[in-house]
Amino acid sequence: MLRWRLLLGAVLIAALVGLVWLDHSLAMPGAVLFGVALMLTILAAQEVVSLLAAGGYRPLAGVIYGGSLLVVLSNAVPLFIRPVSDEHPLERLGWPLLAFTLSFMAALAGEMRRYRQPGGVIANVGLATFGVAYVGLLLSFTVQLRMLGGSAAGLTGLLALVIVVKMGDTGAYTVGRL
């Protein structure tokens, strides 16, 4: 088990270094890692939906998938479409929060549409909102972190995040095995 974890870890580290190098060397910084964030959004939303289904809950899966993708995609507005000036640094966060609000409204509308009898509606709305926040907003912050302070500084912050999380995971696994 440890041998496979080490091998997989080495392969993933090599892939991450290659993606970071490619992302940093392109004329439009953040484009490669933005695509990775979109793929991770789909995979993470799928995991959240399956975990909720295993617990017996039935939130609208389309809202979790679509809302999470919309929140992460909304980061493209200040990154690639309409650049943000340094005078308004919080403008970058407005787009993901607007997308999150629209996702919440879609969860409400969807639950109203499929309402048949009392019970479980509020839980489904809350769980759909949680899924979008957990997947979409958290991955949105990594996209925002990538573009923080320019190309090199944002890349340093994103790599520090990945390294700290990976070291915490490795430490927890090591202490648990000991």
Side-chain angles (χ1 to χ4, degrees), residues 8-54 59-84 88-110 125-166 168-169:
L8 183 62
V11 169
L12 288 176
I13 288 171
L16 179 65
V17 167
L19 283 173
V20 166
W21 176 81
L22 183 63
D23 188 70
H24 186 66
S25 64
L26 289 177
M28 186 180 295
V32 172
L33 293 179
F34 187 75
V36 171
L38 289 175
M39 288 188 305
L40 287 175
T41 301
I42 294 169
L43 292 173
Q46 180 181 6
E47 186 168 351
V48 166
V49 167
S50 66
L51 285 172
L52 292 174
L60 292 168
V63 170
I64 295 175
Y65 281 108
S68 297
L69 276 172
L70 183 65
V71 169
V72 174
L73 275 171
S74 68
N75 287 288
V77 174
L79 290 181
F80 306 121
I81 298 170
R82 185 174 166 255
V84 177
H88 306 289
L90 292 179
E91 183 180 354
R92 292 179 196 260
L93 298 176
W95 293 102
L97 293 177
L98 175 65
F100 178 71
T101 304
L102 291 174
S103 300
F104 173 71
M105 292 169 60
L108 282 174
V125 170
L127 289 171
T129 304
F130 163 75
V132 173
Y134 188 70
V135 174
L137 282 180
L138 291 180
L139 278 171
S140 178
F141 289 137
T142 61
V143 173
Q144 295 286 332
L145 182 62
R146 168 62 183 99
M147 298 312 295
L148 185 68
S151 180
L155 198 54
T156 304
L158 184 62
L159 286 176
L161 173 73
V162 170
I163 290 169
V164 166
V165 169
K166 191 61 183 163
D169 185 44

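- Summarising the geometry of Gly131 relative to Ser68, their closest heavy-atom pair is O-OG, 3.8 Å, with the distance given to 0.1 Å.
- The heavy-atom pair separating Leu145 from Gly157 by the smallest distance is CD2-O, 3.5 Å.
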**Request:** With side chain to side chain contact (heavy atoms under 4.5 Å, CB included) as the test, would you mind laying out the steps for Val132 and Phe104 before giving the verdict?
**Result:** CA-CA 8 Å; Val132 173; Phe104 173 71; over 6 Å; no

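- Atoms CG and CG, from Leu98 and Leu102 in turn, are 5.0 Å apart once rounded to the nearest 0.5 Å.
- How far CG of Leu33 is from CG of Leu16: 8.0 Å, rounded to the nearest 0.5 Å.
- Between Leu70 atom CG and Asn75 atom CG the span is 10.5 Å, to the nearest 0.5 Å.
- Distance check, rounded to the nearest 0.5 Å: CG of Leu137 to CD of Gln144 gives 10.5 Å.
- Taking 4.5 Å as the limit, every side-chain heavy atom of Arg146 sits out of range of all side-chain heavy atoms of Val143.
- Nearest heavy-atom pair across Val125 and Ala107 is CG2-O, 4.0 Å.
- The shortest non-hydrogen separation linking Ser103 to Val63 is O-CG1, 3.7 Å.
- Here the closest heavy-atom approach between residue Ala37 and residue Val72 is recorded as CB-CG1, 4.4 Å.
- Counting only heavy atoms from C-beta outward, the side chains of Thr142 and Leu40 never approach each other to under 4.5 Å.
- Atom OG1 of Thr129 is separated from atom CG of Leu108 by 7.0 Å, given to the nearest 0.5 angstrom.
- A distance of 10.5 Å separates CZ in Phe34 from CG in Leu139, rounded to the nearest 0.5 Å.
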